[in-house]
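Worksheet for the structure shown next.
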There are 2 protein chains.
Amino acid sequence: MEQKQQNATATMKDVAKAAGVSTATVSRTLMTPEKVSLQTRQKVEQAVMDVGYYPHSLARSYKRNESKTILAIVPDISDPFFSDVICGLEKVAAQEGYFVLIGDCKHQQKQENAFINLIITKQIDGMVLLGSNLPFDVSAEEQKNLPPIVMANEFSPELKLPTVHIDNLTSAFNATHYLQKLGHKRIACIAGPEHMPHSQYRLEGYKKAMLRTGEKLREYYIVRGDFTHESGAEAVKTLLSLPEPPTAIFCHSDIMAIGAMWQAKKLGLTLPDDLSIVGFDNLEQAKYTLPALTTINHPRDEIGRHAMLLLLEQLQGNSVTPGSRLLDSDLIIRESAKAPKS
Amino acid sequence: MEQKQQNATATMKDVAKAAGVSTATVSRTLMTPEKVSLQTRQKVEQAVMDVGYYPHSLARSYKRNESKTILAIVPDISDPFFSDVICGLEKVAAQEGYFVLIGDCKHQQKQENAFINLIITKQIDGMVLLGSNLPFDVSAEEQKNLPPIVMANEFSPELKLPTVHIDNLTSAFNATHYLQKLGHKRIACIAGPEHMPHSQYRLEGYKKAMLRTGEKLREYYIVRGDFTHESGAEAVKTLLSLPEPPTAIFCHSDIMAIGAMWQAKKLGLTLPDDLSIVGFDNLEQAKYTLPALTTINHPRDEIGRHAMLLLLEQLQGNSVTPGSRLLDSDLIIRESAKAPKS
DNA sequence: TTGTACGCGTTATCAC
DNA sequence: GTGATAACGCGTACAA
């Protein structure tokens, strides 16, 4: 007497046989139970248990032409900023039964083909871009074949994509203005790379605040970093060796701010007495610096959540206007900025 | 004159028609070009370009019964520790044409079913566990139906799984012993949660070093944290209010160490003079504390890389013995630990 | 070397 | 309410 082997993956046919019905009925029982008589439904459900049946989702996806998978293109997953956004994406996706596939494109050209393939072959239902660019080129025509896309955190000037982001310009303005209200005149700025749109907006916000005073802008107070601790530290070295060093610095990220604080202290300055610093992002770590970092709150988790929400709206066709969303970003005042000494 | 519409996804049939051959030939041209005459191959390749054909990977995966997707189960993706490991996973996976699906299981029971479904329905080819447990229960029989699994960073006592990890016990011993060599006797330990195997090993390493001196172990020098800054800070409060406060603390993570340093400084201590601290992980941030954190180097990226390597070995059948791998983890000496004052 | 024909597991369209 | 049957796109026996 051969036992029906349990370990081989059971298929719908097996269930049908066990229940003494057709595969069509099994499928209906699973998809639209209300269209099946209670009697057969129970038979089928029992059979499903008996043979240990699980729907073959690959086959199902294939048939339905949807994968329930979202691709998230992220510039650098080990950046705490991005991982928090992904967290937000995940939460919403999971709720709706979607999966998030992470595409970490550390400027690796190789991966690009893999991604675009994934997209064109409809292996993903949609995508979220955390960086500022698509990781590949798309012509206008090709763009129409792309699945729904939303940008998170950044803003794409060329591609007209729905976006969820904060008002970088105003946030930067507020941060700088806060330093001004404290009495600072010589305020420097450790900026992000030029090619990043949000860095440009933050820089403009800084400039706007500085220009507002009527004084001319000191270009040498603007130093570019790349969002690493090290670049923040380097920038401080440069700034403090200026003939007229700044009394305050607005940094485009907490990481650079932390690097800056570290370097300033190493050089013997007392913070915030000798130098005020304001960051941007409000990372968890920003609370655990001494002095605790005054910074702009960047709602990373919320950005992720809203981005996924926006995407799902499009996927589920509820969306009439897939407009962008602007999230709040307040200044979190802690202890790293105070009135200048003199 | 109707133009053949470009935007609809081209299928193999379209290519076949365009090239004047059968779909079988098209498939062969793509899969085993050497089995096709140069002439027809060129025709087909041209046709592929013309109609803009991309293989439908869902169909392909379905047919081949492999998804080229690896599921990574991670306790908390916003923890910098895990995101670095994921980075390592990604790199290797991408090289081999695999994708990494992130399953962030923040103790959310709901997701579990989704995961197990994913697994049973062969929608993933393998999985990497970054936590210490499977996010679901598996009976012994069910285990045989599971795809290849490897654990990263942790170690599973029940499940016999290939693992890549460091020697937590020895590392902890070394860290503690280093403090002893510096002259410390009153060494406390801010440990991780009890239920985590690696925390237990680190604690044992600490105990082993402490017991080695012949003195009795002061249980009140062992405080449990949960790998957050806050728990590190709280632990320090407790320890410093002891009648005989420690002169040094070994922390089970850099994050807790940073929280601890922050709190100690807030309480007016001068570091490292009044209190030596050693961390565990060697996070990027550990370099940018003052004093710079002495810590155990945890090769996160390497752990991820090796874990994926181990997994791919199994998937590609090259593996005879899917043994575990032990990675080096040296003590990185910086400035947060020095000889005690007295 | 190339074409024909079948099957993977599911869902959907018909009849009954 | 239920059962045949076709179809999704691809890969591969098998036959030519």
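Residue numbering restarts at 1 for every chain, and letters A, B, ... go by the order of the sequence lines. It should be emphasised that the depicted structure is a prediction, and the values quoted were computed from it without experimental measurement.
- Here Y62(A) pairs with H56(B), Y62(B) under the ring pair (Phe, Tyr, Trp, His ring centres under 6.0 Å) rule; sequence neighbours left out.
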Notebook entry, point to check: So what does the secondary structure string of DNA chain D come out as, 5' to 3', with Watson-Crick or wobble pairs under 3.5 angstrom, [ ] for crossing and | for pairs with another strand?
Noted result: ||||||||||||||.|

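- Residues L161(A) and S324(A) approach most closely at O-OG, 4.1 Å, considering heavy atoms.
- Take D301(B) and apply the salt bridge (Lys or Arg N to Asp or Glu O under 4.0 Å) test, not counting sequence neighbours, and it matches K91(B).
- The nucleotide range of DNA chain D contacted by chain A, defined by atoms under 4.0 angstrom from heavy atoms of the protein and reported 5' to 3', is dG1(D) to dG9(D).
- Remark: S83(A) engages no residue in a side-chain hydrogen bond (donor to acceptor under 3.5 Å, both in side chains) (not counting sequence neighbours).
- In this structure, T40(B) and Y62(A) both approach DNA chain C, and ranking their closest nucleotides by distance from the 5' end singles out T40(B).
- Within the 4.0 angstrom heavy-atom criterion, only backbone atoms of the sugar-phosphate kind lie near M12(B); the bases stay farther away.
- Remark: T29(A) pairs with no residue by the side-chain hydrogen bond (donor to acceptor under 3.5 Å, both in side chains) rule, at least two apart or across chains.
- Contact annotation: the side chain of E90(A) never approaches that of C87(A) to less than 4.5 Å [non-hydrogen atoms, C-beta and beyond].
- Map K13(A) and K35(B) each onto its nearest nucleotide of DNA chain C; the residue landing nearer the 5' end is K35(B).
- In this structure Y53(B) satisfies the ring pair (Phe, Tyr, Trp, His ring centres under 6.0 Å) test with no other residue, sequence neighbours excluded.
- When all heavy atoms of A16(B) and S22(B) are compared, the pair lying nearest together is CB-C, 3.8 Å.
- Between M308(B) and V100(B), the shortest heavy-atom distance links the atoms CE-CG2, 4.0 Å.
- With sequence neighbours excluded, no residue satisfies ring pair (Phe, Tyr, Trp, His ring centres under 6.0 Å) with H165(B).
- Think of the region where chain B sits on DNA chain C: with heavy atoms and a 4.0 Å cut, that region ends 5' and 3' at dT1(C) to dG9(C).
- Under the side-chain hydrogen bond (donor to acceptor under 3.5 Å, both in side chains) criterion, Q46(A) pairs with D50(A), sequence neighbours left out.
- The separation of dT12(D) from dA16(D), taken at their C1' atoms, amounts to 16 Å, rounded to a whole angstrom.
- For the pair K43(A) and Q39(A), the minimum side-chain heavy-atom distance is 4.5 Å or more.
- Applying the salt bridge (Lys or Arg N to Asp or Glu O under 4.0 Å) rule to E302(B) yields the partners R305(B); only residues at least two apart in sequence or on another chain are considered.
- A heavy-atom distance below 4.0 Å to DNA chain D is reached by these residues of residues 20-31 of chain B, ordered by number: A24(B), S27(B), R28(B), M31(B).
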